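Worksheet: the structure to be examined is printed underneath.
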Amino acid sequence: MKSVGYTLKGTPISIKVAESAEDLTLFRAFVAENPVLGFDTETTGLDWWDTDFRCRLAQFGNATEAWVLPVELGAEFTQAARWALGQAERLIAHNGTYDMHVSEARIGPTIEDLAPKLLDTKYLAHLVDPRAVKEAGPGLKLEELLKYYVDQQAAEEVKGSMTALAKKYKVKKEEIWPVVELFDTDFLLYAGMDPVWAFRLFHALWPKVPARSRKHGLVSWEHRVGYVTSKMERKGYLLDADYARERSEELLADQRRWEVEAAKYGVENVNSNQQLIDAFSAFGIKLTKKTKKGNLAMDDDVLSSLNHPLADAVVKAKKAGKWRKTWFERALKGQDADGRVHASINSCQARTARMSITGTIPAQTFPAGDGFVRSMFLADEGELSVSIDYGNMELRVMAAASGDPVMLEAFRNGEDLHNLTAIAAFGPMPPGAEKHPMRKAGKGTNFTVCFGGGWKAVSDQWGISPEDAKTAVKAFWGTYTGVKRFSEKLQREARRTGYVYTATGRRLPVDRDRAYAALNYYIQSSARDITARALIELDKAGFTEWMRLPIHDEIVFSFPEDRAEELTFKAARIMEMIFKGLLVPADGEIGGQSWGSVLELENSKH
DNA sequence: TAGAGAGGCACC
DNA sequence: AAACGGTGCCTCTCTA
């Protein structure tokens with residue numbers, strides 16, 4: 001048996017590396033004595049769906065002792081890891097979703113086997129303080145949390161060792177994992193400490209979870225949400241690789257063509273704002289718009305206002321390049337052996353607990369105007385793409401949470417809230433008109449206020465004159481006085497305590513100098529919890545195999561063609577929820593085989 | 001050569 | 001008095 005020692009705050013940590021059958025006997029004794037175990041894996045990469053993907057080490061530990069199993073070396077070690085995962089009553093891991101995928105793909109126990117045992121420090125950390133490091137919070141990554149809650153110096157030392165190892169092996173940091181010697185002492189220390197870290201972090205975080213969150217059962221609830229999204233990740237989305245390749249090639253041709261055009265004006269690199277600024281200056285064009293930091297801006301807004309062939313070429317070249325790389329190339333690179341792609345869904349991510357989707361399918365940012373990008377994702381053979389989304393989700397949450405009578409009445413009567421705001425600001429609808437001529441100002445005001453903005457934001461973002469924007473925002477607060485009172489109440493609470501609590505018992509930190517954001521945090525977080533609740537209920541009702549992606553106020557499905565109508569109806573009824581007395585309705589749209597076809601169909605209707 | 005910051009742009 | 005909230009990804013540029 002190889003062993004590595006480490007001292008954490010004066011306490012010796014013993015890391016044992018199994019090398020033989022005798023070692024595994026000792027390992028089994030350790031597992032038998034520790035029903036609650038920290039768990040982690042070291043792998044060749046992050047793409048657990050890849051055929052070349054391997055699990056190299058599996059680690060188990062408590063506060064002072066860890067065992068490292070070199071599962072890469074043979075079946076006896078994998079078998080021991082499998083046994084330990086079955087034996088343990090609870091498994092503590094940080095971002096355990098990933099390790100569940102690894103286990104299922106390369107060790108044995110499935111997500112269904114492991115999820116009931118999982119205690120994920122990522123959810124605990126989020127409930128304690130969801131703020132990122134750059135928001136002056138603890139962050140959500142393991143290393144960040146260790147620095148904050150466990151031991152700053154030790155965390156830097158151990159976690160920094162992989163950077164040093166990469167240097168030693170003369171590879172980039174992300175390339176170290178498949179090439180590092182399995183028994184490299186630094187690697188074993190890094191790997192062995194991980195379950196110890198997770199174990200200690202769990203015990204540091206547990207007492208800090210707000211009492212109200214615990215009372216509402218949020219800890220197990222978040223685990224349940226993550227369980228559902230991890231099954232969606234596993235299922236993946238069928239990719240139309242031919243479509244993706246064709247679009248990618250077209251975009252590349254497009255990009256090249258416009259780059260050549262830009263080069264005629266002396267711009268070699270369309271992505272270099274400096275080159276563009278120099279070029280336009282040389283043409284005698286005065287640039288005025290500034291960035292946040294006070295530099296000259298060179299965004300789409302500036303470029304399209306210039307009315308210059310160079311600006312036109314730059315916009316087109318940049319766009320083609322970005323779209324090709326971000327959407328199509330990314331998806332093509334992420335295919336598994338069955339032609340499916342797998343999202344990485346962070347079920348509890350933003351400050352408000354909103355989910356985020358990263359990696360192969362950054363679905364939350366897919367262009368929404370048409371099906372150009374979404375068309376590369378296909379429902380399974382014999383199935384249809386279906387999108388079910390909530391109607392006016394955040395505005396309904398705002399109405400219900402605040403109890404504003406005017407807004408509630410409007411929603412209950414099926415009135416158009418954007419029209420209503422326009423009427424309040426600019427007078428009654430002209431006779432015979434279907435829409436108020438100032439409806440856009442009303443809509444912009446409704447959304448912007450929901451986001452915490454004022455007249456300036458309404459004016460800038462919605463192209464409304466400052467005067468009209470001022471009028472509309474003033475009318476908003478004068479009409480929806482319940483929203484005003486609610487916002488003021490949240491702001492008082494935020495200034496006094498630094499937090500607001502949602503109806504689900506979630507504690508949201510609010511920066512005292514940005515207390516106005518409290519309303520938005522409350523709404524955004526409540527809306528997220530409505531979608532999260534739907535995921536759990538859909539899972540319970542047996543819909544998970546058909547679920548593909550959650551996107552804020554929308555869930556995308558692949559339903560068997562002959563049952564699409566029925567299942568869409570049922571799923572929408574499950575998603576719908578009465579939030580504080582107001583229905584948040586859900587409505588489904590059935591498309592063809594591709595996700596994009598849902599949009600095309602919808603667009604053709606209007 | 002990697003990392004970080006900045007700018008920009010895709011979305012809800 | 002007013003206040004635009006939350007994400008992810010790509011590229012360039014500067015720094016260490």
Side-chain angles (χ1 to χ4, degrees), chain A residues 130-135 163 166-167 170-176 268-277 289-303 314-315 317-327 329-330 343-346 349-369 372-374 389-390 392-395 398 444-445 447-462 469-470 473-474 477 487 491 508 510-511 513-525 527-528 531 550-554:
Chain A
R131 292 174 303 166
V133 172
K134 63 170 184 286
E135 298 173 311
T163 313
K167 223 168 222 161
K170 296 189 169 65
V171 293
K172 290 181 193 166
K173 203 180 160 189
E174 72 258 30
E175 292 168 352
I176 185 70
E268 292 303 322
N269 186 345
V270 295
N271 285 306
S272 168
N273 286 358
Q274 196 51 58
Q275 281 188 26
L276 294 174
I277 290 165
K289 188 179 172 185
K290 298 281 177 67
T291 67
K292 219 192 251 170
K293 295 279 169 185
N295 302 315
L296 283 175
M298 193 42 73
D299 55 17
D300 191 46
D301 185 43
V302 172
L303 288 166
V314 166
V315 168
K318 272 168 66 168
K319 186 169 173 166
K322 176 83 191 277
W323 282 39
R324 180 175 65 84
K325 297 245 357 166
T326 310
W327 316 128
E329 288 302 312
R330 214 161 227 283
S344 179
I345 305 170
N346 309 305
Q349 176 65 27
R351 181 192 284 230
T352 55
R354 252 198 186 181
M355 299 180 196
S356 82
I357 306 182
T358 63
T360 307
I361 317 179
Q364 289 172 334
T365 59
F366 284 165
F372 185 66
V373 171
R374 285 164 157 87
D389 62 359
Y390 290 100
N392 294 112
M393 189 186 214
E394 296 204 333
L395 291 175
M398 178 159 75
T445 302
F447 283 128
T448 305
V449 169
C450 200
F451 285 163
W455 66 265
K456 189 90 174 60
V458 174
S459 173
D460 290 349
Q461 298 300 309
W462 292 80
K470 279 180 195 171
V473 170
K474 205 173 159 209
W477 293 117
S487 176
Q491 291 188 54
L508 303 173
V510 182
D511 309 329
D513 57 342
R514 286 168 69 246
Y516 65 88
L519 177 69
N520 175 258
Y521 288 169
Y522 186 102
I523 294 167
Q524 190 180 108
S525 191
R528 177 275 185 189
T531 305
I551 304 168
H552 302 308
D553 62 348
E554 172 190 7

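Each chain gets a letter, A, B and so on, in the order its sequence line appears, and its residues count up from 1. Owing to the predicted nature of the structure, the values given are computational and were not obtained by experimental measurement.
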Nearest whole angstrom, please: distance from the [atom2] of [N] to the [atom1] of [X].
X: A:Phe447; N: C:dG5; atom1: CZ; atom2: P; value: 17 Å
X: A:Asp511; N: C:dG5; atom1: CG; atom2: C1'; value: 12 Å
X: A:Arg131; N: C:dT7; atom1: CZ; atom2: C1'; value: 18 Å
X: A:Lys292; N: B:dG7; atom1: NZ; atom2: C1'; value: 10 Å
X: A:Arg330; N: C:dT11; atom1: CZ; atom2: P; value: 10 Å
X: A:Glu268; N: C:dC12; atom1: CD; atom2: P; value: 13 Å
X: A:Trp323; N: C:dT11; atom1: CH2; atom2: P; value: 16 Å
X: A:Asp299; N: B:dG8; atom1: CG; atom2: C1'; value: 7 Å

### Query
Rounded to the nearest 0.5 Å, how far apart are CH2 of A:Trp323 and CZ of A:Phe372?
6.5 Å

Could you tell me whether [X] contacts a base, only the sugar-phosphate backbone, or nothing, with contacts defined as non-hydrogen atoms closer than 4.0 Å?
X: A:Thr352; answer: nothing
X: A:Ala457; answer: base
X: A:Gly321; answer: nothing
X: A:Asp300; answer: sugar-phosphate
X: A:Ile357; answer: sugar-phosphate
X: A:Met298; answer: sugar-phosphate
X: A:Gln274; answer: sugar-phosphate
X: A:Thr326; answer: sugar-phosphate
X: A:Ala297; answer: sugar-phosphate

Under-4.0 Å side-chain N/O to phosphate OP1/OP2 contact, [X] with [N]:
X: A:Asn269; N: C:dT11; value: no
X: A:Tyr516; N: C:dA2; value: no
X: A:Asn273; N: C:dT11; value: no
X: A:Ser272; N: C:dC12; value: no
X: A:Trp327; N: C:dC10; value: no
X: A:Arg514; N: C:dG6; value: yes
X: A:Arg351; N: C:dG5; value: no

### Query
Do A:Leu296 and A:Lys290 have side chains that get closer than 4.5 Å, going by heavy atoms?
yes

### Query
So, do A:Trp477 and A:Thr445 sit near enough that their side-chain heavy atoms are less than 4.5 Å apart?
no

### Task
Mind jotting down which residue pairs meet the salt bridge (charged side-chain N to carboxylate O under 4.0 Å, His left out) criterion with at least one end in residues 351-365 of chain A? Sequence neighbours excluded, please.
A:Glu135-A:Arg351, A:Arg351-A:Asp511, A:Arg354-A:Glu394

### Message
Between A:Val473 and A:Pro362, which residue's closest nucleotide on DNA chain C lies nearer the 5′ terminus?
### Response
A:Val473

### Query
Between A:Gln275 and A:Ala132, who's closer to the 5' end of DNA chain C by nearest nucleotide?
A:Ala132

Please list, chain by chain and in numerical order, all residues satisfying side chain to side chain donor-acceptor pair (under 3.5 Å) with [X], sequence neighbours excluded.
X: A:Glu554; result: A:Ser387
X: A:Asp299; result: A:Lys289
X: A:Arg330; result: none
X: A:Gln274; result: A:Asp278

### Query
For A:Pro362 and A:Thr326, which heavy atoms make the closest approach, and how far apart are they?
CG-O, 4.2 Å

### Query
Do you know which two heavy atoms are closest between A:Val458 and A:Val473, and how far apart they sit?
CG2-CG2, 3.8 Å

Below 3.5 Å between N/O atoms, which protein atoms pair up with nucleotides 1-6 of chain B? Just atom names and distances, please.
{"from": "B:dA6", "atom 1": "OP1", "to": "A:Lys293", "atom 2": "NZ", "distance (Å)": "3.3"}

#### Entry: Side-chain donor/acceptor of A:Lys325 to base of C:dC9, under 3.5 Å
no

### Query
Is any N or O donor-acceptor pair between the side chain of A:Arg354 and the base of B:dC12 shorter than 3.5 Å?
yes

### Query
Which is it for A:Phe366 and A:Ile361 under the side-chain contact (heavy atoms from CB on, under 4.5 Å) test, yes or no, and what are the steps along the way?
CA-CA 9 Å; A:Phe366 284 165; A:Ile361 317 179; 3.6 Å; yes

Would you tabulate the nitrogen or oxygen pairs shorter than 3.5 Å linking the protein to nucleotides 14-16 of chain C?
none

### Message
Can you list everything that forms a salt bridge (Lys or Arg N to Asp or Glu O under 4.0 Å) with A:Arg374? Sequence neighbours excluded, please.
### Response
none

### Task
Can you sort out the partners of A:Tyr521 under ring pair (Phe, Tyr, Trp, His ring centres under 6.0 Å), two or more places apart, ordered by chain and number?
none

### Message
Please enumerate all residues that pass ring pair (Phe, Tyr, Trp, His ring centres under 6.0 Å) together with A:Phe447, with sequence neighbours excluded.
### Response
A:His418

Which of these nucleotides, [options], is closest to any side-chain atom of [X]?
X: A:Lys318; options: B:dG8, B:dC11, C:dG5; result: B:dG8
X: A:Trp455; options: C:dA2, C:dG6, B:dG8; result: C:dA2
X: A:Lys319; options: B:dA10, C:dG5, B:dC12; result: B:dA10
X: A:Ala350; options: C:dC9, C:dG6, C:dT11; result: C:dG6

### Message
Report for the helix from B:dT1-C:dA16 to B:dC12-C:dG5: angle between first-end and last-end helix axes, five pairs each, rounded to 10 degrees.
### Response
0°

#### Entry: Counterpart residues, side chain to side chain contact (heavy atoms under 4.5 Å, CB included), relative to A:Asp460 (two or more places apart)
A:Lys456

